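One structure is given here, and the rest of the page talks about it.
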Amino acid sequence: MIIRFGYVAMSVEVKNASPSKTMTATQFAKLTDREAAIRKLERIAAENLHNTLRLLRHNKAHDIKLYRFSSKLIPLAGHELLADWDPFPPLLAAFREVGEYVQENSMRVSFHPDHFTVLSTPREEVLANSIADLDRHARMLEAMGLSKAAKCNIHIGGSYGNKDKALTRFISNVKELPVRIRERLMFENDDKTFTAKETLQACQELDMPMVLDIHHHAVNNEGERIEDLWPAIAATWKQTALPPKIHVSSPKSEKDPRGHADYVQADEIARALRTITPHSQELDVMIEAKQKDGALFKLMDDLREYKEAERLNQAAIQWS
DNA sequence: ACCTGTCAAGTCTGG
DNA sequence: CCAGACTTGACAGGT
């Protein structure tokens with residue numbers, strides 16, 4: 001069993017390296033020279049890509065092969081004020097540089113378009129905006145020159161008072177997506193609406209990969225056990241030739257069990273790994289914690305102690 | 001340098 | 001039926 005760990009978007013160690021700098025729509029609208037304002041957006045995007053590359057170098061130095069890009073690399077992308085703006089041509093070289101670094105170092109990268117991108121929606125304009133957002137994410141990965149191994153993770157979406165109908169609508173909307181977008185997608189169980197079991201059913205019907213979020217499952221389930229679901233979840237990855245991927249985070253507090261804590265409890269992940277590892281040779285684990293890569297480094301230290309104390313009880317587990 | 005309020009999006013809940 | 005909560009990082013404007 002080989003496990004790779006990764007983190008989301010920003011580092012607490014690398015200073016002044018935000019990949020999500022932006023400009024508000026209000027500020028943009030205030031600028032009288034629109035061309036100059038657009039050049040400024042492009043400079044911010046270039047800076048975000050530059051910082052992304054800095055983070056990837058930091059990752060390489062620490063042998064971190066897994067990383068999720070910020071979805072806010074291009075400020076105001078998709079905003080109605082900028083409908084006529086194509087940010088890609090001036091950014092192609094910067095995107096390509098990021099993609100080449102990813103490939104040279106055999107990294108696995110992804111996006112997670114935010115929860116406003118919903119394919120279960122009954123509203124036409126929301127669906128259109130969602131598809132446009134997914135198209136932009138696919139275009140960024142294409143601009144990086146990355147294969148379809150680089151994917152976008154989203155949730156199924158809302159239930160609108162009728163989960164079955166919402167799920168049917170979701171599946172039919174996914175089936176109608178352009179192939180170049182669909183082959184970049186994977187779906188994750190969420191913490192309020194669609195459980196791991198339901199998300200798995202959708203993924204099986206669509207023959208698309210499923211990301212299991214352990215924390216979401218803990219707060220949104222109907223008594224199903226991960227060990228029972230896992231073999232089928234892992235099987236959704238077979239056609240991709242990628243290791244299955246899971247998300248791990250710890251509850252913020254008893255009062256806010258859905259929130260993400262600063263760090264990840266080592267026993268939490270040790271328990272999950274004990275459950276999952278007997279069924280899989282490889283696993284990629286995305287750590288979702290407020291302390292970002294800091295939480296990742298702490299977790300690796302804690303797991304090392306676990307292993308030394310033989311509490312992990314899995315001598316075959318290796319990680320970098 | 002630091003603090004507080006605001007901003008984006010879509011869904012869901014409460015009134 | 002509409003206002004507010006939810007979430008998140010960063011901006012904007014104040015001291």
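Just so we're on the same page: letters track the sequence lines, and every chain starts at 1. Keep in mind that what you see is a predicted model, and the values were worked out from it rather than measured.
Side-chain contacts under 4.5 Å among hydrophobic residues (ILVMFWY), followed directly or transitively, place A:Met10 with no other residue at all.
Of the possible polar contacts, none joining the A:Thr22 side chain to the A:Pro75 backbone as a donor-acceptor pair under 3.5 Å is found. Under a 3.5 Å cut-off, the side chain of A:Thr121 and the backbone N or O of A:Val126 do not form any donor-acceptor pair. At distances below 3.5 Å, at least one donor-acceptor pair connects side-chain atoms of A:Lys15 with backbone N or O atoms of A:Val12. Using a distance-only test at 3.5 Å, with no hydrogens or angles considered, no donor-acceptor pair links the side chain of A:His62 to the main chain of A:Ile64.
Residues satisfying the salt bridge (charged side-chain N to carboxylate O under 4.0 Å, His left out) criterion with A:Glu125, sequence neighbours excluded, are A:Arg123. The salt bridge (charged side-chain N to carboxylate O under 4.0 Å, His left out) search around A:Glu97 returns none, not counting sequence neighbours. For the salt bridge (charged side-chain N to carboxylate O under 4.0 Å, His left out) test, residues two or more places apart in sequence or in another chain that qualify with A:Lys298 are A:Asp302. With sequence neighbours left out, the salt bridge (charged side-chain N to carboxylate O under 4.0 Å, His left out) criterion links A:Asp262 to no other residue.
A salt bridge links A:Glu42 to A:Arg39: at least one charged side-chain nitrogen sits closer than 4.0 Å to a carboxylate oxygen.
Taking every nucleotide of DNA chain C with any atom under 4.0 Å from a non-hydrogen atom of chain A, the first and last of them, 5' to 3', are C:dT8 to C:dG13.
For C:dC6 and B:dC3, the C1' atoms lie 23 Å apart once the distance is rounded to whole Å. Nucleotides B:dC2 and C:dT7 have their C1' atoms positioned 24 Å apart, rounded to a whole Å.
For the residue pair A:Glu188/A:His112, the side-chain donor-acceptor check at 3.5 Å is satisfied. A:Thr195 and A:Glu198 are linked by a side-chain donor-acceptor pair at a separation below 3.5 angstrom, with hydrogens and angles left out of the test. If you check the side chains of A:Asn153 and A:Ser110, you find no donor sitting under 3.5 Å from an acceptor.
Residue A:Asp284 is tested with A:Lys245, A:Arg68, A:Arg108 for a salt bridge (Lys or Arg N to Asp or Glu O under 4.0 Å); the sole match is A:Arg108.
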| remark: A correct dot-bracket answer for DNA chain B, with pairs being Watson-Crick or G-U at under 3.5 Å, [ ] for crossing pairs and | for inter-strand pairs, is ||||||||.||||||
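Of the residues in residues 45-56 of chain A, not one places a heavy atom less than 4.0 Å from an atom of DNA chain B. Of the residues in residues 19-32 of chain A, A:Ser20, A:Lys21, A:Thr22, A:Thr24, A:Gln27, A:Lys30 come within less than 4.0 Å of DNA chain C through at least one heavy atom, sorted by number. Of the residues in residues 162-171 of chain A, none has a non-hydrogen atom less than 4.0 angstrom from any atom of DNA chain C.
Annotation: A:Lys197, atom NZ; neighbour count of heavy atoms from other residues, nucleotides and ligands within 6.0 Å does not exceed 12.
Between A:Tyr7 and A:Tyr67, the angle of the ring planes goes over 60°, which puts this pair in the perpendicular group of the 30/60° scheme.
Applying the ring pair (Phe, Tyr, Trp, His ring centres under 6.0 Å) rule to pairs touching residues 173-202 of chain A yields A:Phe170-A:Phe187, sequence neighbours excluded.
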| field | Nucleic acid footprint by protein, nucleotides 10-15 of chain B - heavy-atom cut-off 4.0 Å, B for base, S for sugar-phosphate alone | value | BSS---
